[in-house]
Protein chains: 2
Amino acid sequence: MSYDPSAFPPFAVTVDLVVLTVRRHALCALAVRRGEAPFQGRWALPGGFVRPDEDLSQAAARELAEETGLQAHDPSVPVQDNGAHLEQLATYGDPKRDPRMRVVSVAHLALAPDLPAPRAGGDASNARWAPVEELLQQGGYGREGEPVAPLAFDHAQILADGVERARSKIEYSSLATAFCPPEFTVGELRRVYEAVWGVALDPRNFHRKVTGTPGFLVPTGGTTTRQGGRPAQLFRAGGATLLNPPMLRPEV
Amino acid sequence: MSYDPSAFPPFAVTVDLVVLTVRRHALCALAVRRGEAPFQGRWALPGGFVRPDEDLSQAAARELAEETGLQAHDPSVPVQDNGAHLEQLATYGDPKRDPRMRVVSVAHLALAPDLPAPRAGGDASNARWAPVEELLQQGGYGREGEPVAPLAFDHAQILADGVERARSKIEYSSLATAFCPPEFTVGELRRVYEAVWGVALDPRNFHRKVTGTPGFLVPTGGTTTRQGGRPAQLFRAGGATLLNPPMLRPEV
DNA sequence: GATCATAGTCGTCTTCCTGACGATAAACAC
DNA sequence: GTGTTTATCGTCAGGAAGACGACTATGATC
């Protein structure tokens, strides 16, 4: 308390977004290419400055809408329309994390169903869904053998934290349904878990677990065969938010 | 992206601390009395401005040391000495949360063993351990019947979030040992769970659970009778961080 | 010193949940 | 029709937890 509050040091405050989705059986994150220094040309997480009259969650929702067109959900409402789940992740404030000035970034985590190709400022080449595995391998090579530069700033750490949050949160909550379209099958939900955790799950035990948990899934009455094979029942996300007992993640 | 980054709006960034401990079978939080406007004379969480060259966790550790004398732990090291566990909780940035200016507060959660009476600027009357139940009942009456003013700013919300974090985190981690002295008995650890959760636990099942979880507790060889009754084995916290399967919190 | 209260520790039993896995069902491709 | 794919139901064994009985080792009380 020996510090003079009237001479408080000024900070810039930003929000950065970890937007996750599942595409082609892989957990993917939204990345944008930086158009200016520092880290010009490198991939980064979407984000921007918090405006003077904005709450942090408002700023995150605004950035999410700007980058993806998604509306953020009220977290107290079960996921059901095409909105995304949005929650605060953590705050990153290392004095040297931005070489230009002191920037504190409040990272948020968004979970979205599979979306059409992203657009950043209308330019598709400057935004993409990339498998998180690819974004996180620092200085390696992508699946086509091209060199991969690490994410700008401390965004690799932020992304890793967001992925870990998502991985653990689908264990004990119904959040995995945020990755699904409004109506989905048990198999589609299972493939979400498999993609996020990177494991294979037993379809029979998974089916027993999710259909046996009250409030997790609500049958819509319809069926679909879009996955091939025998038609599957369609479900919507039920009202339950917490899974008890949780879905168990298999050993590593 | 239509916002001009060169004209970023200035923010003040602070850290606020939710410091929890267990005293006399009750979960208590550290509160300090505000000496100046706004909310002069009201109780608040300890905190202060982040300095220009400080990381957020450094600022939190500094504030914790200033208020309690506790050293913060490296979170990767098991809790064993008299240091406290310290982790980031969440960030609060409502534009109107501080009437003076735009302040973003990065709240941290600290868990500490029972400590001697706190001192804030050397003045004991301006800092105290108060049961969280008492601090959270807005505008009610304390246990001596005196009127209780709600905490300053949005600190009631921050405290509630911190308590909820602690309650859920002791389910699946060994963090409850952060509330205990370096050596403790199974019964003392059980009373921590009971105080934090506000429930009664079966001593026999609890004993089986904690002693049967590998790496949770390490016997020191000593015994104590400080609780009365039959002497109990003394333990230290083991290396395990995550409890799997978790400790189950009884239904409400 | 006998008795009592208090806390700690060990066991038992039942119930629930999970993992492993066999079997059947209903679509499509050929 | 046959094979392939995915969905769904059923069975069984093992592990963990809740309920609770029984015994142990202290200090307090009479």
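Below, read A as the first sequence line, B as the second, and so on, with proteins coming before strands; counting in each chain starts at 1.
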field: Salt bridge present between B/E171 and B/R249 (N-O < 4.0 angstrom)
entry: yes
query: Would A/D16 and A/Y92 count as having a side-chain donor-acceptor pair, cut-off 3.5 Å?
result: no
query: Looking at DNA chain C, which of residues 191-200 of chain B put a heavy atom within less than 4.0 Å of it?
result: B/R191
- prompt: Does any N or O in the side chain of A/T21 come within less than 3.5 Å of the main-chain N or O of A/A112, such that one atom is a donor and the other an acceptor?
  reply: yes
- prompt: Given atom CZ of A/R204 and atom C1' of C/dA20, what is their separation to the nearest angstrom?
  reply: 8 Å
query: Please give, in whole Å, the distance from C/dT6 C1' to B/R190 CZ?
result: 12 Å
message: Base contacts versus sugar-phosphate-only contacts with protein, heavy atoms under 4.0 Å: please encode nucleotides 24-30 of chain C as B, S and - from 5' to 3'.
response: -BBS---
message: Suppose the criterion is salt bridge (Lys or Arg N to Asp or Glu O under 4.0 Å): which pairs have a residue in residues 194-208 of chain A, not counting sequence neighbours?
response: A/R190-A/E194, A/D202-A/R204
field: Residues which pass side chain to side chain contact (heavy atoms under 4.5 Å, CB included) with B/Y193, listed by chain and number, not counting sequence neighbours
entry: B/I170, B/A176, B/L189, B/W197, B/L201, B/F206, B/F216, B/L243, B/M247
task: Heavy atoms under 4.0 Å is the rule here; annotate nucleotides 12-19 of chain D 5' to 3' with B where the base is hit, S where only the sugar-phosphate is, and - elsewhere.
output: ----SBBB
field: Salt-bridge contact A/R128-A/E134 (side-chain N to carboxylate O under 4.0 Å)
entry: yes
task: Mind calculating the distance between CD (A/Q227) and C1' (D/dT8) to the nearest angstrom?
output: 16 Å
query: Is any side-chain heavy atom of B/L45 closer than 4.5 Å to a side-chain heavy atom of B/H108?
result: no
query: Checking all strands, does B/R226 fall into the base, sugar-phosphate, or nothing category for heavy-atom contacts under 4.0 angstrom?
result: nothing
message: Taking B/R23's backbone N and O only, do any of them form a donor-acceptor pair with B/H25's side chain (distance below 3.5 Å, no angle check)?
response: no
- prompt: Residues two or more places apart in sequence or in another chain: which of them pass side chain to side chain contact (heavy atoms under 4.5 Å, CB included) with A/T225?
  reply: none
- request: Grab the CD-P distance between B/Q233 and C/dA7 for me, whole Å please.
  value: 19 Å
message: Side chains of B/H155 and B/Q157: any donor to acceptor distance under 3.5 Å?
response: no
message: Output the rounded distance in Å from CZ (A/F206) to P (D/dT6).
response: 16 Å
message: Distance check needed: D/dA7 C1' versus A/F235 CZ, whole Å only.
response: 10 Å
query: What is the distance, rounded to the nearest whole Å, between atom NE2 of A/H207 and atom C1' of C/dA20?
result: 18 Å
statement: Heavy atoms of B/A84 and B/L70 approach each other most closely as CB-CD1, 3.7 Å
